[in-house]
Amino acid sequence: MSIMKIQNEFASAFSQLMLRHRSIRQYKPDAPVDSAFVDDVLVQALAGSSSSGNLNMVSVVKSFDPERRARLCELHSGQPMVLQAPLVLTFCADSQRTRDWLGQRQARLGFGDFLAWHVASFDAVILAQTTALALESHGLGICYMGTTLQSMGAIAELLELPGYCLPVTSLVVGWPDETPAQRDRLPGRAWIHEERYRPSTPESIDRDFGERERRGWDRYRSMGPEMAAQMDAHGITSLAQFYTSKIKYDPDRQAVTSEALAALLRQRGFLG
Ligand SMILES: Cc1cc2nc3c(=O)[nH]c(=O)nc-3n(C[C@H](O)[C@H](O)[C@H](O)COP(=O)(O)O)c2cc1C
């Protein structure tokens with residue numbers, strides 16, 4: 001088989017893998033995930049992820065234990081898949097180990113500032129996404145937990161993370177017990193620019209958001225009478241209004257989370 005053909009087949013398999021992606025929120029009960037297998041996937045995922053300065057300022061904590069996952073579930077706003085899936089992977093920005101290494105070798109200490117926080121966070125998120133694709137390639141299902149940011153301090157405490165190490169995102173992992181429809185994305189024309197940024201116009205907003213407004217509205221309305229009643233009670237008449245309403249990403253609540261995040265970074269030394 002020619003190298004070109006092998007390359008094409010690999011590219012095509014990778015395209016299929018990406019197009020098959022769905023966040024999974026229902027997992028098969030009593031279908032475990034092997035810890036050593038996950039280690040292999042993680043090691044390969046780090047090999048397949050670029051890493052700033054190749055410093056690998058990342059740590060991943062595997063949580064299998066049901067009692068600890070029950071506590072994690074509380075910290076993830078009670079999202080049921082944290083308990084239902086057999087595994088939670090918490091991806092941490094970690095410059096602590098690098099600093100320990102520098103200290104032990106009598107090198108000048110660094111990586112204890114806001115820049116280091118960004119660099120280590122990028123490493124953690126890049127690794128999380130490579131891991132997600134790798135796990136999906138084995139037929140496993142994953143769902144990111146954005147609630148990691150809301151409970152960053154408490155999760156850090158539960159996982160006994162040291163000073164310059166904080167969780168940035170988490171994946172629940174298990175065997176899928178649902179086959180959700182593919183979720184739409186904004187069309188390329190909305191966010192791919194050539195040479196210069198093309199600002200949105202009222203027409204482009206109508207064109208690029210119209211389809212997702214219709215689909216998103218129908219999806220949330222069909223989630224059940226309770227959700228529909230809540231939306232009505234808050235006077236929500238569009239998907240845009242829903243997104244920044246009290247029941248989705250309430251800007252007041254987001255501001256509190258944002259302040260808590262800044263306070264935690266300050267306390268850990270990442271803000272100097
Ligand atoms: C950083 C991040 C955080 C997320 N947090 C959550 C979450 O807390 N709960 C959840 O059910 N889905 C969460 N998701 C999944 C998104 O809702 C999902 O990716 C999006 O709706 C698109 O659906 P798809 O992944 O099935 O294509 C998160 C995704 C990302 C990237």
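Quick caveat, the model's predicted, so the values are computed rather than measured. Just follow the structure's listing: the first ligand is 1, and inside any ligand the first atom is 1.
The ligand atoms of ligand 1 that sit less than 4.0 angstrom from a heavy atom of Q79 are 7 (C), 8 (O), 9 (N), 10 (C), 11 (O). Listed by number with element, the atoms of ligand 1 under 4.0 angstrom from any heavy atom of R22 are 26 (O). Residue contact check: C143 has heavy atoms under 4.0 Å from atoms 10 (C), 11 (O), 12 (N) of ligand 1. Numbered from 1 in the order shown, with element, the atoms of ligand 1 that lie under 4.0 Å from a heavy atom of G146 read 3 (C), 4 (C), 5 (N), 6 (C), 7 (C), 8 (O). Atoms of ligand 1 lying under 4.0 Å from at least one heavy atom of M145, given by number and element, are 5 (N), 8 (O), 9 (N).
Atom 7 (C) of ligand 1 has Y144 O, 3.4 Å as its closest protein atom, hydrogens excluded (heavy atom only). The shortest contact between atom 18 (C) of ligand 1 and any protein heavy atom is with S23 OG, 3.5 Å.
A salt bridge links R215 with E211; the closest basic N to acidic carboxylate O contact falls under 4.0 Å. A salt bridge does not link E67 to R71: none of the charged nitrogens lies less than 4.0 Å from a carboxylate oxygen.
Taking all heavy atoms of M81, R25, R183 into account, the minimum distance to atom 16 (C) of ligand 1 is reached by R25.
Ring-centre distance between F37 and H138: below the 6.0 Å cut-off. Taking the centre of each ring, Y164 and F270 come in below the 6.0 Å mark.
Scanning both residues, H76 and V82, for their nearest heavy atoms gives CB-CG2, 3.9 Å.
Under the 4.0 angstrom criterion for non-hydrogen atoms, R185 is in contact with ligand 1.
Hydrophobic clustering of Ile, Leu, Val, Met, Phe, Trp and Tyr side chains at less than 4.5 Å, counting indirect connections, unites W117 with L149.
In terms of N/O distances under 3.5 Å, ligand 1 is not approached by T169.
Taking a distance limit of 4.0 Å, we find that atom 20 (C) of ligand 1 is approached by no protein heavy atom.
Results of the salt bridge (charged side-chain N to carboxylate O under 4.0 Å, His left out) test with D208 over R185, R198, R189 single out R189 as the only residue that passes.
Looking at N56 and S51, their side chains do bring a donor and an acceptor atom within 3.5 Å of each other.
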